[in-house]
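Everything numeric here is computed off the predicted structure, so don't read it as measured data. Atoms considered below: every heavy atom in the structure, side chains included; atoms not considered: hydrogens, waters and symmetry mates.
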Amino acid sequence: MSRLQVVSGKGGTGKTTVAAALALALATEGKRTLLVEVEGRQGIAQLFETEALPYEERKIAVAPGGGEVYALAIDPELALLDYLQMFYKLGSAGRALKKLGAIDFATTIAPGLRDVLLTGKACEAVRRKDRSGRFVYDYVVMDAPPTGRVTRFLNVNDEVAGLAKIGPIHNQAQAVMRVLKSPETAVHLVTLLEEMPVQETADGIAELRAARLPVGRVVVNMVRPEVLDPDGLELVRTVARSSVARSLSAAGLGGARRGGHAERLVDPLLTQADEYAERYALEHEQRAVLGELGLPLHELPLLAEGVDLAGLYELASELRKQGMS
C-alpha cells in the first residue's frame, strides 16, 4: 500500500467516514497512522467521539493488534506560520503578522498557497523520520476535498505557477508534487450506487489521470443488503396476486378469504417488491459503470444504526477483509 492515502468523494457519500475507517484498518498489527483533515469541519473528531482537534498531532484511537491512529486538523494560517519560521526564521515577527491579519490575507488572496500549505503538511508527515531513521508514521490518510475540487487541490504545482517561479514557495510545491505524483501516493474515490455520484467518480478519475496523479481504488459506501436474488426478482415479475395471498395466509398472516388480512397485504408487498426491483436494476447498472473504470472496487455496508465508534471499527474490519490494509 502507498504511504499517503488520499480519500475523496462527492459530498454525501461518506468520504470522511471511509477515510477514518481506512486509517483504523491501516493501523492494525502495531502500525501507526496519521489521519489528516484539511477542510476545517472537525468531522474526524465527531466520528471518534472526541473533542475538536487542535493544530497538533493527537492520538485518537487504538486499532486491533495495538496499532495507533493519530489525527491532525491542519489550520492554513498556523501552517503558514510554520512555513515562515522554517524558511525565514521569523519567529515572533510571524506571530505579529498573524495578529495584524496578514496571514489570513495571504491565504485568502492566494488560494494556491493555501493548498501548498495543506498538502505540504501531509507530505511532510509522510517523509518524517525519527532519530533512528524510521518513518514516524507507517501511513498518512488525508480526508481530502470533494471530487469536484480534489484534482486542483492536489495539483499544487500548477496552482503556484503564477505565484512563484523560483524561491522557497516554488521549491516547496515541487517537493510536494514529488510525493503526490509518486507511487508513495494513492487517491481513492468514495461513491454510492447512484447515478450522480458514480458519474462524478468517473469524471474525477479522468481528471486525476489527466493530471498524472496516482488513482488508487473506488470504495462504494452504504451498500444496502441484497433482499432478493435474480430468481426472486423474476418471481416478483410473474407471480399471481392470488398465489401471494395464499402464501401469506399459509404463513399465518390472516385468512385467505377475499378481503381478509392476507389479501390486504398483497398490494403493499408487491409495490415494495417492485420498488426493490427498480433499485436493484439501478445499482446493478451503476456497478457495471464502475467496473468499466478499470480500478479495484470495494464495498462497505450501510449501517442501519448509523456510524458510531463501534461502526467505524466494523467498517475498518471490512476494509481489511477486502485487502485495503
Side-chain angles (χ1 to χ4, degrees), residues 1-9 14-39 43-45 47-48 50 53 55-74 79 118-145 150 153-154 156 175-190 208 213-219 221 295-296 298 300 307 309 312-325:
M1 294 287 287
S2 300
R3 296 191 58 251
L4 175 58
Q5 306 277 310
V6 180
V7 180
S8 181
K15 70 176 179 66
T16 300
T17 298
V18 173
L22 180 58
L24 272 172
L26 291 169
T28 55
E29 305 306 326
K31 297 292 194 301
R32 178 180 288 185
T33 301
L34 176 65
L35 179 56
V36 176
E37 183 177 88
V38 298
E39 294 186 283
I44 291 171
L47 282 169
F48 284 94
T50 186
L53 297 173
Y55 181 59
E56 63 182 36
E57 292 157 24
R58 171 184 294 177
K59 186 166 76 172
I60 59 170
V62 176
E68 297 175 328
V69 176
Y70 286 72
L72 169 67
I74 303 178
L118 293 171
T119 54
K121 189 68 177 178
C123 290
E124 181 276 326
V126 171
R127 298 189 300 258
R128 192 190 312 159
K129 295 181 178 180
D130 60 21
R131 291 181 179 178
S132 66
R134 296 184 59 184
F135 286 115
V136 172
Y137 295 106
D138 296 287
Y139 298 100
V140 175
V141 179
M142 180 193 293
D143 177 21
V150 70
F153 172 77
L154 294 174
V156 293
V176 168
M177 292 314 300
R178 281 195 292 272
V179 174
L180 293 179
K181 290 193 174 183
S182 77
E184 281 190 289
T185 299
V187 185
H188 310 301
L189 296 185
V190 181
L208 289 165
L213 288 162
V215 184
R217 308 177 185 210
V218 174
V219 179
N221 196 24
L295 296 172
H298 304 268
L300 291 176
V307 182
L309 191 54
L312 206 55
Y313 277 85
E314 181 181 338
L315 295 178
S317 176
E318 189 61 36
L319 287 175
R320 288 197 302 273
K321 291 177 185 175
Q322 296 184 32
M324 281 197 72
S325 63

Within the distance-only criterion (no hydrogens, no angle test), does the side chain of E68 pair as donor or acceptor with the backbone N or O of K59 below 3.5 angstrom? no

To check you understand the geometry: which heavy-atom pair defines the closest contact between P296 and G216, and what is its length? CD-O, 3.8 Å

CE (M142) and CG (L34) are apart, to the nearest 0.5 Å, by 10.0 Å

V179 and R127, any side-chain heavy atoms less than 4.5 Å apart: yes

Do NZ/NE/NH1/NH2 and the carboxylate oxygens of E57 and R32 come within less than 4.0 Å? no

For the atom pair OG1 (T119) and CE (M177), what is the distance rounded to the nearest 0.5 Å? 8.0 Å

At their closest point, which heavy atom of R320 faces which heavy atom of P64, and how far apart are they? NH2-CG, 3.9 Å

Just verifying a value: how many Å separate F153 CZ and L213 CG, rounded to the nearest 0.5 Å? 11.5 Å

Just how far is it from atom CG of L72 to atom CG of D143, taken to the nearest 0.5 Å? 12.0 Å

Heavy-atom pair of closest approach, residues S325 and A25: CB-O, 3.5 Å

Which value, rounded to the nearest 0.5 Å, describes the distance between I60 atom CD1 and Y70 atom OH? 11.0 Å

What are the two closest non-hydrogen atoms of V150 and P145, and how far apart are they? CB-O, 3.8 Å

Nearest-0.5 Å distance, OH of residue Y137 to CG of residue L4: 13.5 Å

Is there a donor-acceptor pair under 3.5 Å between the side chain of R128 and the backbone N or O of V136? no

Nearest heavy atoms of Y55 and A73, plus distance in Å: CD1-O, 3.6 Å

List the steps, then state whether side chain to side chain contact (heavy atoms under 4.5 Å, CB included) holds for H188 with L22. CA-CA 11 Å; H188 310 301; L22 180 58; 4.0 Å; yes

Side chain to side chain contact (heavy atoms under 4.5 Å, CB included) between T185 and V6, intermediate numbers included: CA-CA 7 Å; T185 299; V6 180; 4.2 Å; yes

Looking at V69, is its backbone amide N or carbonyl O close enough to the side chain of T33 to form a donor-acceptor pair, meaning the two atoms are under 3.5 Å apart? no

Minimum heavy-atom distance T17-L315, with the two atoms named: CG2-CD1, 3.7 Å

Decide yes or no on side chain to side chain contact (heavy atoms under 4.5 Å, CB included) for M324 and V219, but give the supporting numbers first. CA-CA 10 Å; M324 281 197 72; V219 179; 3.9 Å; yes

Let's go through F48 and L53 carefully: what are the C-alpha distance in whole Å and the side-chain angles of both, what is the deciding distance for side chain to side chain contact (heavy atoms under 4.5 Å, CB included) to 0.1 Å, and is it a yes or a no? CA-CA 11 Å; F48 284 94; L53 297 173; over 6 Å; no

